[in-house]
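Right, one structure below, let's go through it.
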Number of protein chains: 2
Amino acid sequence: MTNKAKEIFRSYLSEKGLRNTRQREVILDAFLAADKHITVEELFNAIKKKNPEIGYATVHRNVSLFCECGLADEMKIGTQKTKYEPKIGHKHHDHLICVKCGRIIEVNDSKIEKLQDKLAEANDFTPVKHRLEIYGICKQCR
Amino acid sequence: MTNKAKEIFRSYLSEKGLRNTRQREVILDAFLAADKHITVEELFNAIKKKNPEIGYATVHRNVSLFCECGLADEMKIGTQKTKYEPKIGHKHHDHLICVKCGRIIEVNDSKIEKLQDKLAEANDFTPVKHRLEIYGICKQCR
DNA sequence: CAGTATCTTGATAATGATTATCATTACACT
DNA sequence: AGTGTAATGATAATCATTATCAAGATACTG
């Protein structure tokens, strides 16, 4: 998984005439190793332990790059900070988000996925990706 | 529609021990009259024409109130500014968002809605609301 | 393998939307 | 009309993200 991600990242870099760097490797490793739904700040703090010389802006810049090349997904939920999650090695999924405790449950429903594609088609629209978030109250908060 | 919205707003205010004001009436009217998917800035500019004395912060504060009481929906799409749309008088709908031109198409699919509720239930989750956005290329951009 | 063009980095400043502050004004209730 | 308190408007503060820029690193070049 990690190797596939690195390949994708490297070929994206060379394709765009960008360069690989030590920092980029470190940040990508940390991002892939991280638990899901991580903020830039959390990622920065995780990296800081072993690589205190890597700056906040560099982490930010590279997380954006991960999104560009399809390795990461951006989630802006309510007033929470923007979170990112790796896409490689994780099947596509949607989110149930508890409005009480903020807990995020990952779910998937292939029927819904298919209907979404139909819905797009019916509107002369070529879907690229989608985002489905269901807000409510989780088991624990009820 | 407008009257219903005003009723909802007023009862929300009194319920919370808040007061109605001339500004609140003006801002709510402007919001309801506005086209859909408006930003705070756009709303502020629309209001400024007839009511230049109403401040930006006041508009902001009250749009937040509209969201709290269920009159408005917040949409954060990509890097665009946060947009708001009235919920009263508009049936619930989802969005097809063109990644080229930013055009937003409103759609609805009752089958998807039902499956979403089932999906939530299956996870011991009580749904309150949801957000479905399908990103892709619209007819005109293709 | 050194030379070089240019990309990247890190530190910090700038930006821009949103939120907080606070003195003044205005609402709503008695 | 009087009064307690919420709301306003102007502005400052906040905070994530983005831009700036000098210094360093990378990947070709011959």
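Letters A, B, ... mirror the listed sequences (proteins, then strands); counts begin at 1. The analysis underlying the following values was restricted to heavy atoms, covering all of them including side chains, and did not include hydrogens, waters or symmetry mates. Bear in mind that the values here come from a model prediction, so they are computed numbers and not experimental data.
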Quiz item: Are A/Q23 and C/dG10 close enough that a side-chain N or O sits under 4.0 Å from OP1 or OP2?
Solution: yes
Quiz prompt | A/N20 side chain near D/dA25 phosphate (N/O to OP1/OP2, under 4.0 Å) | solution = no
Exercise. For salt bridge (Lys or Arg N to Asp or Glu O under 4.0 Å), just list the numbers for B/K6 and B/D29, CA-CA rounded to whole Å, side-chain angles, deciding distance to a tenth of an Å, and then say yes or no.
Key: CA-CA 9 Å; B/K6 289 191 179 180; B/D29 277 337; 3.1 Å; yes
Quiz item: Checking all strands, does B/T58 fall into the base, sugar-phosphate, or nothing category for heavy-atom contacts under 4.0 angstrom?
Solution: base
Practice problem: Can you tell me the distance, in whole Å, between the CD atom of B/E68 and the P atom of C/dT19? | Solution: 11 Å
Practice problem: Round to the nearest Å and state the distance from B/L65 atom CG to D/dA6 atom P. | Solution: 14 Å
Exercise. Can you measure from CD (B/E42) to CZ (B/F44) and round to the nearest 0.5 angstrom?
Key: 13.0 Å
Quiz item: Is the shortest side-chain N to carboxylate O distance from A/E25 to A/R10 below 4.0 Å?
Solution: yes
Quiz prompt | Whole-Å distance separating the CD atom of B/E41 from the P atom of C/dA17 | solution = 6 Å
Practice problem: Round to the nearest Å and state the distance from B/N62 atom CG to C/dT18 atom P. | Solution: 15 Å
Self-check item: Inter-residue atom distance A/I8.CD1 - A/E15.CD, 0.5 Å rounding
Solution: 11.5 Å
Practice problem: Taking only the side-chain heavy atoms of B/H60 (C-beta and beyond), determine which of C/dT19, D/dG9, D/dT17 contains the nearest atom. | Solution: C/dT19
Quiz prompt | Side chain of B/S64 - closest among C/dT18, C/dT19, D/dT8 | solution = C/dT19
Exercise. Round to the nearest Å and state the distance from B/F9 atom CZ to C/dC27 atom P.
Key: 14 Å
Quiz item: Once you round it to whole Å, what is the distance between C1' of C/dT18 and NZ of B/K83?
Solution: 18 Å
Exercise. Take atom CD of A/E53 and atom C1' of D/dA23, then tell me their distance rounded to the nearest Å.
Key: 16 Å
Quiz prompt | For atom NZ of B/K48 and atom C1' of D/dG9, their distance in whole Å | solution = 15 Å
Practice problem: Compute the ring centroids of B/F66 and B/Y84, then answer whether they are less than 6.0 Å apart. | Solution: no
Quiz item: What's the closest nucleotide to the B/Y56 side chain, out of C/dT18, C/dG10, C/dT8?
Solution: C/dT18
Quiz item: Which residue, B/L18 or B/R61, contacts DNA chain C at a nucleotide closer to its 5' end, judged by nearest heavy atom?
Solution: B/R61
Exercise. Indicate whether OP1 or OP2 belonging to C/dG16 is found under 4.0 Å from a side-chain N or O atom of B/K81.
Key: no
Quiz item: Is any side-chain N or O of B/R24 closer than 4.0 Å to OP1 or OP2 of D/dA7?
Solution: yes
Practice problem: Just compare D/dA19, C/dT9, D/dT17 and give me whichever is closest to any side-chain atom of A/T82. | Solution: D/dT17
Quiz prompt | 5'-most by nearest nucleotide on DNA chain D - B/G55 or B/R19 | solution = B/R19
Quiz item: At under 4.0 Å, does any side-chain N or O of A/T21 touch on OP1 or OP2 of C/dT9?
Solution: yes
